[in-house]
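Some notes on the structure that comes next.
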Amino acid sequence: MLVQLSWRNIWRNARRSAIVLSSIVVGVIAVMFSNSFSLGLAHQMLQSQIRLHTTDLQILHPRYAENPSLEYSIVQPEQVLARIDTLPAVAAAGIRLEQFGLINSALNSSGITIVGVQPQRERHLTIIAQSIRSGRYLSGNSYEIVISEETARKLEIGVGDKVVLMAADRTGEIRSEVATVVGIFRTFNSDFDQMYSFVALPFLRAMVRADSLATAIAVRIHSAEAVEEVQQQITPLLPPPLVVLSYRQLLPLLSYMIEMYAQLMWIFYLIVGAAMIFGIVNTMLMAIMERITEFGVLLSIGIPPVKLVVLILLEAAWLGVLGAFGGVLAGSALIAALQSTGINLAFFSEGLRSLGVAAIVYPVLVPQQILNALIFVPLITTAGALYPAWKVYRLQPVEALRFV
Amino acid sequence: MEEVVRVEKVTKIYRVGSIETVALREVSLRIVQGEFTVLAGPSGSGKTTLLNIIGTLDQPTSGEVWIGGKRIAQQSAAELARFRLYHIGFVFQAYNLIPVLTALENVTLPLILQGVAKKEAEQRAETVLEQLGIAELRAKKPNEMSGGQQQRVAIARAMVTNPAIILADEPTANLDSHTGAHLLDLMQQMNEEHNVTFLFASHDPQVIDRGRRLISIHDGAIVRDEVRSSSTAAS
Ligand SMILES: Nc1ncnc2c1ncn2[C@@H]1O[C@H](COP(=O)(O)OP(=O)(O)OP(=O)(O)O)[C@@H](O)[C@H]1O
Ligand SMILES: [Mg+2]
């Protein structure tokens, strides 16, 4: 009976209910959207890093991450690579040798990380080969180098110009080589672009006297969800002390940042929740003020005061349930629509380049979000009705009946 | 005759700030089953106050009240509500009905609150609506009914639980005299046919004329209490 009564009561002032409902709907959409968007952005940031350089998995010497020197490199990486190549889950894998050094033109110089790669393999690992703006990617020949637009600008050089590379070898002696710029790339991450230049693996090996050494074997897999699984498949194939790390382990800062961001979202939830509570308190106070006489009549009939409390709470709960459903439907529709097209942030592209994210973010709809909205919104609105319900509970029948 | 109401030396003093208003002064009164009593008196004489105290909606400052042989003392709001649910019916001047409920639902409401099964409650409500000749209103909401029709539904709701007494505070005040007379006919009929006990508060001469017992109250005190030989039926 109370359920039916409360349901009818919320439609007594349909306009007011519609207003409070639409505010709940907007709140739910806002929360869902920002949640989806931030997840999409986080996903995109991770994906960007993965496609840029990190790849899904990397095989490393366990101490290399904290101390990236040739001392902690992989010996005979070709043998390990041959085993990795046999795994069906692996889409591509390639040997890398990275060494910090200097790149000099006639006019300028810049500190960079020189990455020696196997161009035919590296092509399938990252987007650098597809990001060449002028010239071409590495052919595999020695004395070729691919640099970024940023580096080219800084050194005031272009395709066809020569640069001098300098880097320390295993013994700490400085070695140098001359290379010709064959291509200039530009990615969505300006920091990365400033840092990295690419040469063929044998060329860098010869230069830093690191024959049959590598600093990493990068692995790309077919299905992103299978990272942990493939990681487990690779582990037994590795000679000690090598380890295989997932992108999550390789990008701990980014993972941490994403987590932090999720924490920050709670502040936003709190604000939206507080706004909802205020809206409901206000609405329910208005709704009870115009019905004081009616409560007096109900009390005179002999309704237990507790049932009046339940009635008020039910009314607020209905508003929450309707608002949550409306919001979830509208929010899901919006996110689903944006999921296929993506949200183009090209407008902010330069800002994003320093963040290291591609221009299109695909919001991610998480079922948990829907469940949360359906559970928490009615709880919030019901909580918002506690104070009005308490006022009704304290109502003296005579006063209520005299109230006009 | 079975006693349904006994009021012993009831005094009610309202305090608003430092101002005290004595609404009732040591009022004593006894009502037995089947009586059709009118409490008459000028505005501010204490009629509503007395009715509310008898109806357990308000508590006296001093004195005692028994309903159906049960003493109404310092009970909790919930206990008093439960008592009213089973023993007292109310008809107010206006706004008696719950706007979102139909006539039938309004009449069913007290039975549902008593825990009567929906089917049985509806059956009993239908019976009362028929007794009052308003069965055709069953599906109407209050805003689709006239004032007189609403008051008749209110009487049905007050009657449906077979309370010890129905307290009607100026039930005709918002009606024209013709509709008021019709309503009084109906209550008289219920009184005569079903032995329903009524206590009215009114200064409407039309109502006062109908009372088979007339209690006059003035300045919070009963000044006259007379039983008339036979009703001076109007019209
Ligand atoms: N809640 C209250 N607070 C203060 N004084 C009150 C209150 N209720 C009633 N009174 C006073 O008590 C006295 C009796 O009031 P009551 O309402 O019982 O009179 P009544 O006979 O019903 O009058 P009416 O015919 O106008 O309805 C009046 O003087 C009134 O002002
Ligand atoms: Mg009065």
Side-chain angles (χ1 to χ4, degrees), chain A residues 1-17 283-284 286-319 322 389-404, chain B residues 12 14 23 48-49 51-59 76-102 105-118 121 141-143 150 154 157-158 160-161 163 166-169:
Chain A
M1 179 203 66
L2 288 177
V3 174
Q4 195 185 17
L5 200 56
S6 60
W7 172 255
R8 291 193 200 168
N9 277 335
I10 64 167
W11 299 115
R12 283 168 82 154
N13 194 328
R15 214 176 87 94
R16 187 173 55 213
S17 292
T283 305
M284 293 311 293
M286 282 201 288
I288 65 166
M289 285 310 276
E290 22 175 80
R291 282 194 281 157
I292 296 286
T293 329
E294 191 176 316
F295 295 133
V297 169
L298 285 167
L299 286 168
S300 76
I301 292 174
I303 195 168
V306 178
K307 285 204 174 174
L308 284 185
V309 169
V310 175
L311 180 71
I312 309 285
L313 295 184
L314 277 173
E315 286 175 22
W318 275 126
L319 291 174
L322 289 175
W390 172 246
K391 286 197 80 130
V392 172
Y393 184 73
R394 296 294 304 275
L395 217 50
Q396 294 296 314
V398 206
E399 279 160 27
L401 285 166
R402 280 165 55 96
F403 192 91
V404 195
Chain B
K12 179 69 180 182
Y14 288 109
T48 297
T49 305
L51 240 61
N52 285 344
I53 287 174
I54 293 172
T56 79
L57 294 174
D58 205 352
Q59 286 77 45
S76 72
E79 283 167 337
L80 291 175
R82 188 174 166 78
F83 186 81
R84 290 192 292 275
L85 182 59
Y86 285 90
H87 304 288
I88 294 166
F90 285 96
V91 178
F92 301 105
Q93 183 175 325
Y95 313 114
N96 275 296
L97 303 181
I98 306 307
V100 294
L101 300 180
T102 64
E105 288 166 338
N106 262 288
V107 178
T108 315
L109 183 63
L111 296 175
I112 299 284
L113 287 172
Q114 285 185 355
V116 175
K118 192 165 180 253
K141 295 264 177 74
N143 63 4
Q150 290 185 35
R157 189 186 58 200
V160 78
T161 55
I166 292 179
L167 303 169
D169 195 352

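All heavy atoms count here, side chains included; hydrogens, waters and symmetry mates do not. Just so it is clear: chains get the letters A, B, ... in the order the sequence lines come, proteins before strands, and each one is counted from 1.
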Practice prompt. Could you check if a side-chain atom of A:Leu401 sits within less than 4.5 angstrom of a side-chain atom of B:Asp169, using non-hydrogen atoms only?
Written response: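 The answer is no, as the side chains (C-beta and beyond) never meet within the 4.5 Å cut-off.
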Largest heavy-atom contact set with chain A, pairs under 4.5 Å, which of [options]:
options	answer
B:Gly89, B:Pro99, B:Pro110	B:Pro99
B:Glu79, B:Glu105, B:Arg82	B:Glu105
B:Asn52, B:Thr108, B:Ile98	B:Ile98

How far does [atom1] of [X] sit from [atom2] of [Y], to the nearest 0.5 angstrom?
X	Y	atom1	atom2	result
A:Glu399	B:Asp58	CD	CG	8.5 Å
A:Ser300	B:Leu80	OG	CG	13.0 Å
B:Asn106	A:Ile301	CG	CD1	7.0 Å

Quick one: what part of A:Arg12 sits under 4.5 Å from any heavy atom of chain B, side chain, backbone, both or neither?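 Interface part for A:Arg12: side chain.
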| message | What part of A:Gln4 gets within 4.5 angstrom of chain B, counting heavy atoms only: side chain, backbone, both, or neither? | response |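 When you check distances to chain B, only side chain atoms of A:Gln4 fall under 4.5 Å.
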Chi angles and distances behind the side-chain contact (heavy atoms from CB on, under 4.5 Å) call for A:Lys307, B:Leu113: CA-CA 10 Å; A:Lys307 285 204 174 174; B:Leu113 287 172; 4.1 Å; yes
Note to self: Atom OH of residue position A:Tyr393 - does it have more than 12 heavy atoms of other residues, nucleotides or ligands inside 6.0 Å?
What the structure shows: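 No, not enclosed.
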More than 12 heavy atoms of other residues, nucleotides or ligands under 6.0 Å from CE of A:Met286: yes or no?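 More than 12 within 6.0 Å, yes.
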Q: Could you tell me which portion of B:Asn96 (side chain, backbone, both or neither) has an atom closer than 4.5 angstrom to a non-hydrogen atom of chain A?
A: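 Backbone of B:Asn96 only, per the 4.5 Å heavy-atom cut-off to chain A.
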Can you say whether B:Ile112 sits under 4.5 Å from chain A via the side chain, the backbone, both, or neither, judging by heavy atoms?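 Contact with chain A: side chain only.
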Looking only at heavy atoms, what is the nearest atom pair of [X] and [Y], with distance?
X	Y	answer
B:Ala78	A:Pro305	CA-CD, 4.0 Å
B:Leu109	A:Met1	CD1-SD, 3.1 Å
A:Arg8	B:Thr102	NH1-N, 4.4 Å

Point to revise | Derivation of the side-chain contact (heavy atoms from CB on, under 4.5 Å) call for A:Val297 and B:Arg157 | key: CA-CA 12 Å; A:Val297 169; B:Arg157 189 186 58 200; 3.6 Å; yes
